[in-house]
2 protein chains.
Amino acid sequence: MAVHVLAVLAYKEGDRVTSALLAASVNTNPVIVRRLLLALQRAKLVETGKGAGSGSRLSRSPGHINLAQVYRAVEDVEPFATPSRKPNAACPVGHCIRETLDKVFASAQAALERDLEKTTLAGVISAVKASGVCARKKVD
Amino acid sequence: MAVHVLAVLAYKEGDRVTSALLAASVNTNPVIVRRLLLALQRAKLVETGKGAGSGSRLSRSPGHINLAQVYRAVEDVEPFATPSRKPNAACPVGHCIRETLDKVFASAQAALERDLEKTTLAGVISAVKASGVCARKKVD
DNA sequence: AATTAAGTAACTTCAGTGATTACATTTGTC
DNA sequence: GACAAATGTAATCACTGAAGTTACTTAATT
């Protein structure tokens, strides 16, 4: 959803876009978009103005925004679930497993983010534009 | 939790372990462990017998089980949330964004799994055993 | 001043996960 | 064969997090 919003902003390069219009593209509620935009503002990816005729726009060019930045801006939760209950400390495995796995998972998450870094918002836009099946009617 | 269970099984090499004992280490309910074991059985990572004196054990040596296999066995959901509502097809971005992002996310997930492949269950066990702080009392 | 749009709080809805209980089924042992 | 031990499995509940919704406040433009 965050990438979708940013893609729309990139699409209308520089123009201010209201949360209502973004919400229409994502097909959701403007408030959801605004909450999302707050996270993106904190990450300095978008600038949002208030008042009439205002809205949001990218704070950098689409080529200088990659999906890892978007991921970090939005995804505050760890991808790997940490169990609610603590393991049994009396068990030799249970006692130490958590900190061991934390390292493994941190490494995996870093690998994931490194991959996301390879894709910029500009790349997403050109992929969207290139997928011509979207723009054209199906020919028989 | 899956790694924890498998680590305990690796710890007691070859011995059959009951779901009740595994549940005690993870500090959860035996039924939860059994449901987890079903997924691990399907992935051919453990063998489980029924009846008295039975239980589960690894179906391969810990050195031949890596965390990517565990991840695939257990994690049936995609790590990236796909919005419940479909984007607005009338919007040029909304119309195509989904399939574009699917590719990006598949690549990121592949990167994540490649990283997890590098860690075997044997590696987890030796890391757990090596973290001596667990076995010793704090000597301030 | 009026209008437009974001910021934000409060509430509801919904899905996923873990937890719990209960029961059927299978296996090993006496 | 009877009994005990252990899994398979269904039904139900509680909890959590995300999305959605409504409503109100605040700020900026005209």
Side-chain angles (χ1 to χ4, degrees), chain A residues 1-5 8-9 12 15-43 45-59 71 73-88 94, chain B residues 1-5 8-9 12 15-43 45-59 71 73-88 94:
Chain A
M1 192 163 139
V3 180
H4 187 158
V5 163
V8 174
L9 292 179
K12 327 214 151 194
D15 292 5
R16 293 239 129 120
V17 185
T18 69
S19 64
L21 197 131
L22 291 169
S25 172
V26 183
N27 193 23
T28 184
N29 195 291
V31 175
I32 306 292
V33 173
R34 277 179 232 153
R35 287 206 278 246
L36 181 58
L37 286 170
L38 290 175
L40 297 175
Q41 287 166 38
R42 279 193 289 272
L45 297 179
V46 304
E47 293 168 355
T48 301
K50 303 175 83 172
S54 191
S56 300
R57 66 181 177 198
L58 297 181
S59 57
Y71 175 79
V74 166
E75 212 69 41
D76 48 345
V77 201
E78 304 288 316
F80 294 99
T82 42
S84 48
R85 297 188 163 192
K86 301 197 182 309
N88 184 351
Chain B
M1 193 163 139
V3 180
H4 187 159
V5 164
V8 174
L9 291 179
K12 327 215 152 192
D15 291 5
R16 295 234 122 125
V17 185
T18 69
S19 63
L21 196 130
L22 291 170
S25 172
V26 183
N27 193 23
T28 184
N29 195 293
V31 175
I32 305 291
V33 173
R34 277 179 233 154
R35 286 206 279 248
L36 181 59
L37 287 171
L38 289 176
L40 297 175
Q41 286 167 39
R42 279 192 288 272
L45 298 179
V46 303
E47 294 169 356
T48 300
K50 303 174 82 172
S54 189
S56 299
R57 67 180 177 198
L58 298 182
S59 57
Y71 175 78
V74 166
E75 211 69 44
D76 49 345
V77 201
E78 304 288 316
F80 293 99
T82 42
S84 47
R85 299 186 162 193
K86 300 194 184 309
N88 184 351

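Here is how names work: the chains are called A, B, and so on, in the same order as the sequence lines, proteins then strands, and each is numbered from 1.
In summary, contact between chain A and DNA chain C, defined as any nucleotide atom under 4.0 Å from a heavy atom of the protein, begins and ends at C:dT4 to C:dT20 in the 5' to 3' direction.
For residues 28-39 of chain A, the set of pairs meeting the side chain to side chain donor-acceptor pair (under 3.5 Å) definition, not counting sequence neighbours, comprises A:S19-A:R34.
Not one side-chain nitrogen or oxygen of B:Q41 sits closer than 4.0 Å to the OP1 or OP2 atom of D:dT7.
For the atom pair A:L21 CG and A:S56 OG, the distance stands at 11.0 Å (nearest 0.5 Å). Note: A:S54 OG to A:R16 CZ = 4.5 Å, rounded to the nearest 0.5 Å. Rounding to the nearest 0.5 angstrom, the gap separating the CG atom in A:D15 from the CG atom in A:L9 is 10.0 Å.
Remark: A:A2 engages A:L36, A:V70, A:V74 in a side-chain contact (heavy atoms from CB on, under 4.5 Å) (not counting sequence neighbours). Residues meeting the side-chain hydrogen bond (donor to acceptor under 3.5 Å, both in side chains) test with B:E75, sequence neighbours left out: none.
Counting only heavy atoms from C-beta outward, the side chains of A:T48 and A:L40 never approach each other to under 4.5 Å.
Heavy-atom distances under 4.0 Å link DNA chain D to A:T28, A:N29, A:V31, A:I32, A:R35 of residues 25-35 of chain A, given in residue order. Remark: A:K50, A:G51, A:A52 in residues 50-59 of chain A come within less than 4.0 Å of DNA chain D through at least one heavy atom.
Comparing B:G49 and B:E75 against DNA chain C, the residue whose closest nucleotide sits nearer the 5' end is B:E75.
A straight line from CG of B:L40 to P of D:dT7 spans 14 Å, rounded to a whole angstrom.
Across A:N88 and B:N27, no two heavy atoms sit closer than the pair N-CB, 4.1 Å.
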